[in-house]
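Just so it is clear, the model here is predicted, and its values are computed rather than measured. Heavy atoms only: backbone and side chains are in, while hydrogens, waters and symmetry mates are out. Indexing begins at 1, ligand by ligand and atom by atom, following the structure's order.
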Amino acid sequence: MKDQTKLIRTQTNQTTYREHNTPLYLTSSFTFESAEQMRDTFSNELEGQIYSRYSNPNLDEFIQKMCLLENKPAGFATASGMAAVYLGLVSFLSAGDHILASCALFGSTHQILDQILPRFGITVSYVDPDQKDEWSEQITNKTKLLIVETPSNPGLKIIDLEFCGVLCNTHDLLFIVDNCFATPILQKPADYGANLIIHSATKYLDGQGRVLGGIIVGDEDLMERVVFMARHTGPVLSPFHAWLLSKSLETLPLRMKAHSENALSVAKELSSSPTIKKVNYPFLSNFPHYELARKQMSMGGGIVTFELDGDIEQVFRFINHLNMLSITSNLGDARSIVTHPATTTHSKMDPENRKKAGITDQLIRISVGLEAVEDINSDIKQALAKV
Ligand SMILES: *Cc1c(COP(=O)(O)O)cnc(C)c1O
């Protein structure tokens with residue numbers, strides 16, 4: 001079956017009411033017919049639901065769909081993308097361990113690596129996506145894992161997944177990919193040996209800016225450790241959010257195609273504007289990592305960034321003159337969104353790393369939505385004219 005069909009036809013078992021759509025299982029716990037059945041379910045001899053901090057039918061359905069998409073056997077759904085990132089790290093690390101990380105990571109992921117994990121004796125070395133030959137020099141016998149994000153938020157750095165897979169294999173590192181921007185519709189990190197794949201479901205998986213959510217999927221033995229950590233620390237997704245997210249996945253392939261087509265048009269339109277210094281979009285032929293993007297992604301995704309030829313006041317003037325685009329930090333919404341990363345999502349990042357991650361003061365991020373592309377382009381054009 002194709003992804004599109006799997007996403008629409010994967011469903012929890014029907015109840016005795018023979019409902020067509022999956023019901024919402026708003027229940028904190030599940031009952032047993034006998035003390036013996038309860039004992040055997042708790043000891044894993046019997047399969048079954050126990051308590052919604054552990055699992056729930058709505059979460060199972062969402063997880064199952066994501067596992068099918070990412071070609072991984074197991075998963076856990078979390079209350080936010082950051083809970084999934086944190087779980088993916090702490091489930092495998094102990095005091096003294098070392099992490100290799102791309103410097104182009106989501107702002108809060110940097111905060112975990114720079115501010116939280118060091119308190120527990122875990123250190124990090126950042127590597128520059130554009131200096132691949134230097135990565136292996138940073139690996140020590142304490143290095144446990146590599147974490148990358150591609151395309152990165154918001155610098156749109158493309159990390160060579162095949163290179164990372166080989167590096168992790170050679171040095172026996174866990175390979176973790178934040179696949180939020182591409183989604184498994186455009187890119188499947190498992191094809192390159194990724195062991196764990198993380199998503200902020202808040203973005204394209206939901207696609208309409210309604211709920212927070214996250215998910216981590218991976219190999220069976222690794223996910224056992226993640227699930228142990230998650231069950232006993234409690235960052236689980238709500239059944240209601242899982243129900244919404246599972247329904248959203250039915251349209252993910254259609255939406256990603258439409259986001260990518262609109263974004264390519266916006267990127268081309270921006271490229272022809274004289275007030276713009278640089279446009280970044282993975283599928284623009286003059287993009288520095290165009291070949292790599294073409295190799296590992298099937299389409300370019302919905303995010304376009306560009307650098308205005310001007311100072312920060314002009315950047316703000318552009319943003320303030322947009323009539324239709326929303327000024328907000330979310331992305332992956334049906335509505336087009338504008339954000340200024342340097343003063344918002346990535347403002348707390350170390351300035352040196354911010355530069356390496358491609359986030360200049362002039363950089364503007366547009367999450368291209370599903371409105372008619374003519375309307376998106378004309379709103380951007382009129383605002384640029386007022387800069
Ligand atoms: C938004 C985002 C996250 C964090 O997800 P939340 O759902 O907001 O917690 C992590 N990684 C990337 C790449 C993101 O864009």
Side-chain angles (χ1 to χ4, degrees), residues 59 62 66 70 75-90 101-114 116 129 147-159 161 176-187 189 194 196-217 230 233-238 240-242 244-245 248-249 256 259 263 280 282 297 301-305 326 328-333 337-341 344-349 353-354 357-359 363 365-369:
L59 273 72
F62 171 55
M66 288 304 293
E70 290 286 19
F76 192 88
T78 54
S80 70
M82 285 324 299
V85 172
Y86 189 63
L87 270 182
L89 297 170
V90 295
S102 159
C103 66
L105 289 171
F106 186 66
S108 290
T109 306
H110 275 289
Q111 297 303 318
I112 293 177
L113 296 174
D114 296 342
I116 300 174
I147 180 165
V148 303
E149 184 183 306
T150 181
S152 70
N153 181 3
L156 295 179
K157 295 277 182 190
I158 308 290
I159 317 286
L161 290 172
I176 306 181
V177 178
D178 184 333
N179 200 24
C180 172
F181 264 37
T183 81
I185 303 303
L186 308 186
Q187 166 177 284
L196 292 162
I197 301 154
I198 289 167
H199 286 277
S200 166
T202 315
K203 314 291 169 55
Y204 290 105
L205 305 189
D206 174 47
Q208 294 175 63
R210 300 166 298 182
V211 299
L212 287 176
I215 188 160
I216 173 165
V217 299
T233 57
V236 69
L237 184 66
S238 119
F240 177 56
H241 291 181
L244 272 174
L245 290 168
S248 298
L249 289 182
M256 290 316 292
H259 278 295
N280 303 304
M297 297 171 72
I303 308 293
V304 178
T305 68
S326 314
T328 179
S329 62
N330 196 34
L331 62 93
D333 197 300
I337 287 167
V338 65
T339 311
H340 182 239
T344 61
T345 51
H346 289 68
S347 59
K348 294 186 186 70
M349 200 171 151
N353 273 336
R354 192 155 68 209
I359 308 163
L363 190 81
R365 183 185 79 192
I366 294 188
S367 169
V368 180

query = Nearest protein heavy atom to atom 9 (O) of ligand 1, by residue and atom, and its distance?
reply = Met82 N, 2.9 Å
remark   = In this structure, atom 7 (O) of ligand 1 is nearest to the protein heavy atom Thr202 OG1, 2.6 Å
query = Looking only at N/O atoms, are Thr109 and ligand 1 under 3.5 Å apart anywhere?
reply = no
ask   = Side chain of Arg365, backbone of Pro341: donor and acceptor closer than 3.5 Å?
value = no
key: Top protein contact for atom 15 (O) of ligand 1, by heavy-atom distance   = Lys203 NZ, 2.7 Å
Nearest non-hydrogen partners of Pro154 and Ile359, listed with the distance = CD-CD1, 3.4 Å
Ser367 side chain vs Ile337 backbone, donor-acceptor pair below 3.5 Å = no
For Thr78, the option from Val85, Leu237, Leu87 that meets side chain to side chain contact (heavy atoms under 4.5 Å, CB included) = Leu87
From Met66 atom CE to Leu205 atom CG, the distance as rounded to the nearest 0.5 Å = 4.5 Å
note = Heavy-atom closest pair (Gly88 atom, Ile176 atom, distance to 0.1 Å) is O-CD1, 3.5 Å
key: Ser80: numbered ligand 1 atoms lying under 4.0 Å from its heavy atoms   = 7 (O), 9 (O)
ask   = Of all the atoms in ligand 1, which lie at a distance below 4.0 Å from a heavy atom belonging to Gly81?
value = 5 (O), 6 (P), 7 (O), 9 (O)
Ligand-residue contact atoms, ligand 1 with Gly213, heavy atoms, under 4.0 Å = 7 (O)
ask   = Step by step, would you call Arg210 with Ser248 a side chain to side chain donor-acceptor pair (under 3.5 Å)?
value = CA-CA 11 Å; Arg210 300 166 298 182; Ser248 298; 2.7 Å; yes
message = Under 4.0 Å from a heavy atom of Asp178: which atoms of ligand 1 are those, numbered in the order shown and with their elements?
response = 10 (C), 11 (N), 12 (C), 13 (C)
message = Starting from atom 5 (O) of ligand 1, what is the nearest protein heavy atom, named by residue and atom, and what distance separates them?
response = Ser200 OG, 2.9 Å
